[in-house]
Each structure stands twice: as structure tokens, then as C-alpha cells.
Amino acid sequence: PVFAGMNGSAIENFSCVIYNIFLMNCTWQAGRDAPADTQYFLYWQNSSEDNQMECELYIKDENHRNMGCIFQNVSIGTEKAYFLVNGSSKESLIQFYDEYIDLYKTEILTAPLNVTAHCTRDSAGCIITWHPPLTSHVGKAKCFQYEINIQNK
């Protein structure tokens with residue numbers, strides 16, 4: 001059955017963030033009614049053509065339970081990525097958790113690069129220039145919007 005396992009044993013508060021262009025960090029909390037010996041395992045699939053991959057570097061809590069994962073060399077595809085977290089316990093069956101996520105919505109962008117400001121004393125004021133931030137999925141600079149916040153006049 002799809003929901004086999006003890007109610008309340010599936011993970012909660014699952015989230016993933018992509019940062020530094022190619023790193024992805026996923027975290028979760030143990031199910032509120034999961035037995036103390038429950039261990040969780042994360043699998044993900046970037047697109048329907050890719051193979052499902054298990055986490056290679058788990059983040060563990062004080063009880064050595066897997067509570068997150070760090071993925072390296074992640075690329076953002078055009079499809080939703082599929083995530084599956086299942087669990088095992090000697091006491092009971094553990095419900096799985098799965099979710100489809102648009103990875104581009106989770107990326108924390110780096111700051112713009114090569115920011116320069118050239119100011120003059122005449123009415124021209126200041127000219128501020130920069131390059132778009134590095135990202136794993138946006139190829140066009142026109143996709144970005146910027147806001148300048150001047151702290152001191």
C-alpha cells in the first residue's frame with residue numbers, strides 16, 4: 001500500500017536549498033511519532049531521464065539519525081526534481097515522504113560580481129556597474145532585477 005507504515009513516522013518539514021551555484025542542502029525533521037531507532041534515507045531524481053541517486057553525505061543529529069543531506073555538482077534541470085525519503089526501524093514500518101520541487105525556486109543567488117562605483121563632484125552623480133551573479137540555470141542577464149540601496153549620501 002502507498003501509505004504503509006505507522007502514522008506520524010514519515011519525515012516533516014522537508015526543504016532543499018541550492019547555494020554556491022552547484023551545492024544543494026536538504027533537511028528534514030523526524031516524524032513526530034517515529035520510533036527512536038528510525039533511520040531515514042534520501043533519494044532524488046533530477047529529471048525523468050536521470051537515475052535516482054541516494055544521498056552521499058548525510059547530515060546527522062546527536063543520535064546519529066540522518067536529518068539532512070549535502071549534494072555536490074548539482075545542475076538545475078527544466079523539470080521538477082523528485083525527492084523521496086524513506087525510513088527503517090526495527091519496531092515498525094516507516095511511512096515514506098516524497099515531493100516534486102522546482103529547483104530553480106530554491107536557489108540562493110550569489111551577490112552580483114565586480115561592483116564598481118564612479119562618483120564625480122558635478123551633477124553627473126555616481127555611475128554604479130556590476131555583472132550578474134553566477135548561477136547554475138540562468139543564462140541571460142536580462143532575467144535579473146536589481147535594487148540599489150544607498151546608505152550614505
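Given the structure is predicted, the values throughout are model-derived calculations rather than measurements.
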Result of checking Tyr40, Tyr43, Tyr97 against Asn86 for side-chain contact (heavy atoms from CB on, under 4.5 Å) =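 Exactly one option meets the side-chain contact (heavy atoms from CB on, under 4.5 Å) with Asn86, and it is Tyr43.
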Shortest non-hydrogen contact between Leu42 and Cys69, atoms and distance =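 Looking at all heavy atoms of both residues, the closest pair is CD2-CB, 3.7 Å.
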Shortest non-hydrogen contact from Pro112 to Trp130?
->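 Result for this residue pair: CB-CD1, 3.9 Å.
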Any chance you could measure [X], atom [atom1], to [Y], atom [atom2], to the nearest 0.5 Å?
X	Y	atom1	atom2	value
Gln52	Phe83	CD	CZ	11.0 Å
Lys105	Cys16	NZ	SG	14.5 Å
Cys26	Ile59	SG	CD1	8.5 Å
Asp37	Asn63	CG	CG	11.0 Å
His131	Thr116	NE2	OG1	8.5 Å
Ile108	Ile21	CD1	CD1	13.0 Å

Specify whether Trp44 and Phe71 have parallel, tilted or perpendicular ring planes, treating 30° as the upper limit for parallel and 60° as the lower limit for perpendicular.
->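 Answer is tilted, since the angle falls between 30° and 60°.
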Check whether any side-chain N or O of Asn46 sits under 3.5 Å from a backbone N or O of Ser75 as a donor-acceptor pair, and report yes or no.
->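 Yes; judged by distance alone, with no hydrogens or angles, the pair exists.
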Where the side chain of Gln39 meets the backbone of His64, is there a donor-acceptor pair that is under 3.5 Å apart?
->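 Yes; judged by distance alone, with no hydrogens or angles, the pair exists.
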Worked verdict on Met67 versus Lys60 for side chain to side chain contact (heavy atoms under 4.5 Å, CB included) | CA-CA 5 Å; Met67 301 305 292; Lys60 298 184 179 288; over 6 Å; no
Single-linkage hydrophobic cluster, 4.5 Å side-chain cutoff, [X] and [Y] together:
X	Y	result
Ile101	Ile76	yes
Tyr58	Leu23	no
Leu84	Tyr100	yes
Met53	Phe14	yes

Cut-off 3.5 Å, side chains only: do Ser9 and Asp33 have a donor facing an acceptor?
->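 Note: Ser9 and Asp33 side chains miss the donor-acceptor criterion.
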Quick one, [X] and [Y] - any side-chain contact, counting heavy atoms below 4.5 Å?
X	Y	result
Ile18	Leu103	yes
Pro133	Tyr146	yes
Ser89	Met6	no
Asn7	Gln95	yes
Ile94	Ser88	no

Test log, rule side chain to side chain contact (heavy atoms under 4.5 Å, CB included), inputs Asn66 and Val85 = CA-CA 10 Å; Asn66 297 337; Val85 181; over 6 Å; no
